[in-house]
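Here the structure comes first, spelled out in structure tokens, and everything after it is commentary.
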Number of protein chains: 2
Amino acid sequence: MNATATALGIREVSELTGLTLDTLRWYEREGLIPLVKRSSDGRRRYGPAAVRFVRLVQALRRTGMPIAEIRHFVMLGPGTPEHSAQRLRILQEQEVRLHRRRAELDEDLRVMRHKMADFRDLMAHGRTCEDDDLPDDCGGPPPER
Amino acid sequence: MNATATALGIREVSELTGLTLDTLRWYEREGLIPLVKRSSDGRRRYGPAAVRFVRLVQALRRTGMPIAEIRHFVMLGPGTPEHSAQRLRILQEQEVRLHRRRAELDEDLRVMRHKMADFRDLMAHGRTCEDDDLPDDCGGPPPER
DNA sequence: GCTTGCGGTGGAGTGAACTCCAGCGCCTAG
DNA sequence: CTAGGCGCTGGAGTTCACTCCACCGCAAGC
């Protein structure tokens with residue numbers, strides 16, 4: 001029942017999330033992380049809710065939401081039901097973006113695997129680079145065009 | 001059966017990949033895309049191999065490889081078997097990074113879904129879990145109301 | 001006491017990746 | 001012929017998200 005017992009210092013949150021101390025402080029200044037309390041001597045204390053909030057912000061950032069939008073999301077606050085509905089909508093949109101990003105990632109994986117197969121082939125046999133029928137060369141230092 | 005038939009202009013490549021005209025030109029200047037030919041009047045022509053190369057570069061970028069590293073990769077060229085081996089190694093490392101990123105994405109999805117559930121709950125009942133009206137702690141026993 | 005370490009603040013600085021632009025040429029349509 | 005459209009170039013400018021810094025205070029250890 002004790003807040004102090006479960007509250008973390010900024011360093012701990014940093015280690016927990018991988019965000020740097022500077023970034024955590026900067027996010028807070030930018031209004032991305034409310035809920036952070038201060039100890040008597042002015043140091044930040046992150047309770048469970050604050051830590052969860054940091055993680056949410058991190059999730060939004062990593063899925064490509066810009067700072068300004070996150071701020072907007074945060075500013076809506078826990079106020080009215082409409083605000084909650086709007087926040088929910090924003091998260092849903094972000095989830096869509098996340099799925100798109102994952103699809104991209106899968107496509108990128110496909111492309112990279114294809115290229116890797118090319119290299120294996122190239123190393124096994126002396127086959128030309130990668131083209132099926134082109135007079136193109138494949139990469140390499142600019143031979144002075 | 002000729003390059004002209006299958007070669008694309010910069011605009012087409014732009015539309016195909018989603019990269020802007022400026023970005024394509026800039027990538028080329030930075031040495032990320034060799035293989036691009038020029039038509040008689042100096043315009044860029046992207047043959048199939050060049051287009052594939054653009055896609056590869058895009059895959060590397062999207063999976064977080066910085067420009068400088070991509071350039072290094074490209075500069076290795078199709079030369080010796082060791083170079084091919086090194087290129088292959090780089091791609092393998094990038095594949096690892098891609099998988100890590102995807103794991104992050106999945107974690108982010110989990111976090112966002114959790115938060116969305118909170119909002120739905122908040123809208124259904126008046127129960128708030130994550131916001132600043134709470135003294136702290138919401139991980140423990142649900143506050144009956 | 002002093003010093004060491006962690007943390008806080010405001011503001012300046014950085015690096016990466018584009019993005020924009022002025023001025024030019026080529027080609028085609030009218 | 002002129003006008004419009006696309007593309008080229010080199011270089012400057014912008015954006016974003018941090019990151020660094022100097023300087024301050026508190027608290028503990030020696």
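We name chains A, B, ... by the order of the sequence lines, and we start the count at 1 in each one. Hydrogens, waters and symmetry mates are skipped; everything else that's a heavy atom, side chains included, is used.
Dashed line: the shortest gap from a side-chain N or O of B:Arg11 to OP1 or OP2 of D:dG7 is under 4.0 Å. Contact between the side-chain N/O atoms of A:Arg44 and the OP1/OP2 oxygens of C:dT9 is found at a separation under 4.0 Å.
For the residue pair A:Ser39 / A:Asp41, a side-chain donor-acceptor distance below 3.5 Å is found, with atom types taken as modelled. Of the N and O atoms on the side chains of B:Gln94 and B:Thr63, at least one donor lies less than 3.5 Å from an acceptor on the other residue.
Against DNA chain D, the stretch residues 12-29 of chain A makes heavy-atom approaches under 4.0 Å through A:Thr20, A:Asp22, A:Thr23, A:Trp26, A:Tyr27. A heavy atom closer than 4.0 Å to some atom of DNA chain C occurs in B:Arg61, B:Pro66, B:Ile67, these being the qualifying members of residues 58-69 of chain B.
Using a 4.0 Å cut-off between charged nitrogen and carboxylate oxygen, A:Arg101 and A:Glu104 do not count as a salt-bridge pair. A salt bridge links B:Glu95 with A:Arg113; the closest basic N to acidic carboxylate O contact falls under 4.0 Å. Salt-bridge annotation for B:Arg100 and B:Glu107: absent, with no side-chain N of the basic residue lying under 4.0 Å from a carboxylate O of the acidic one.
Under the salt bridge (charged side-chain N to carboxylate O under 4.0 Å, His left out) test applied with A:Asp108, the options B:Arg97, B:Arg62, B:Arg102 reduce to a single match, B:Arg62.
Atom P of nucleotide D:dT9 and atom CD of B:Glu30 are separated by 14 Å, given to the nearest angstrom. Separating the CG atom of B:Asp41 from the P atom of C:dC24 is a distance of 19 Å, rounded to the nearest angstrom. Put simply, CD1 on A:Ile10 is 14 Å from C1' on D:dT19, counting in whole angstrom units. To the nearest angstrom, C1' of D:dC6 lies 12 Å from CZ of B:Arg45.
Counting distance only, with no hydrogens placed and no angle test, the side-chain atoms of A:Arg43 and the base atoms of C:dC6 include a donor-acceptor pair under 3.5 Å.
Atoms CG and NE2, from A:Leu109 and B:His99 in turn, are 5.0 Å apart once rounded to the nearest 0.5 Å.
In terms of heavy atoms, A:Tyr27 sits closest to A:Arg61 at OH-CG, 3.4 Å.
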